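Quantities reported herein were computed from a predicted structural model and do not represent experimental measurements.
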Amino acid sequence: MDRSVNVTVAANANGWTCQVRIDEAGRPASEHTVTVTRADKERLAPQGTVEDLVARSFAFLLEREPPSSILRRFDLVDIERYFPDYRTAFGT
């Protein structure tokens, strides 16, 4: 499947707000807003970037559901509520 995930990050008082756009051939784009706290970034990707963490998180989600099923706005930590294996996927 021809799909791209683009992540734009802006710092905020508690961490980052990320705008995510999923483009798939032949389908309308899907846009999402994800907040990432500094604590969650350190726990899930202490050596990585926020952009990489969010992109990998969306790759994880897209293996399990279509873009239209992903919440439009959520905190990154919310993924664990729906998918308990999320943390394991990141080796934490």
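- No side-chain heavy atom of V34 sits less than 4.5 Å from a side-chain heavy atom of W16.
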Applying side chain to side chain contact (heavy atoms under 4.5 Å, CB included), run through V36 and L44 and close with a yes or a no. CA-CA 10 Å; V36 181; L44 295 167; over 6 Å; no

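- The two residues L62 and P67 have their closest heavy-atom pair at CD2-CG, 3.7 Å.
- Under the ring pair (Phe, Tyr, Trp, His ring centres under 6.0 Å) criterion, F60 pairs with F83, Y86, sequence neighbours left out.
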Going through the distances and angles, do E65 and I70 end up as a side chain to side chain contact (heavy atoms under 4.5 Å, CB included)? CA-CA 7 Å; E65 61 186 355; I70 298 173; 3.5 Å; yes

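- For D23 and R21, the salt-bridge test passes: some basic side-chain N is under 4.0 Å from an acidic carboxylate O.
- Side-chain contact annotation: T49 with D52, donor-acceptor N/O pair under 3.5 Å absent.
- Side chains of V20 and V5 form a contact here, defined as non-hydrogen atoms less than 4.5 Å apart.
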Yes or no on side chain to side chain contact (heavy atoms under 4.5 Å, CB included) for S30 and R72, after CA distance, side-chain angles and deciding distance? CA-CA 8 Å; S30 176; R72 296 288 178 234; 2.9 Å; yes

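- A salt bridge between E80 and R43 is present, with a side-chain N of the basic residue lying under 4.0 Å from a carboxylate O of the acidic one.
- Applying the 6.0 Å contact sphere to CZ of R38 captures more than 12 heavy atoms from other residues, nucleotides or ligands.
- Judged by distance alone, with hydrogens and angles left aside, the side-chain atoms of N12 form a donor-acceptor pair with the main-chain N or O of N14 at under 3.5 Å.
- Centroid-to-centroid, the aromatic rings of F74 and H32 stay 6.0 Å apart or farther.
- Separating the OG1 atom in T35 from the CG atom in D78 is a distance of 7.5 Å, to the nearest 0.5 Å.
- Side-chain N or O atoms of S57 include one that pairs as donor or acceptor with a backbone N or O of L53 at under 3.5 Å.
- When all heavy atoms are compared, the tightest approach of G48 to K41 is O-NZ, 2.6 Å.
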I'd like to know whether I22 forms a side chain to side chain contact (heavy atoms under 4.5 Å, CB included) with S4, so could you lay out the CA-CA distance, the side-chain angles of the two residues, the decisive distance to 0.1 Å, and finally the verdict. CA-CA 6 Å; I22 303 168; S4 68; over 6 Å; no

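- Here CD1 of I79 is found 9.5 Å from CG of L71. Values are rounded to the nearest 0.5 Å.
- A salt bridge links R64 with D85: the closest approach of a Lys/Arg side-chain nitrogen to an acidic carboxylate oxygen falls below 4.0 angstrom.
- The side-chain heavy atoms of V77 and T37, taken from C-beta on, include no pair separated by under 4.5 Å.
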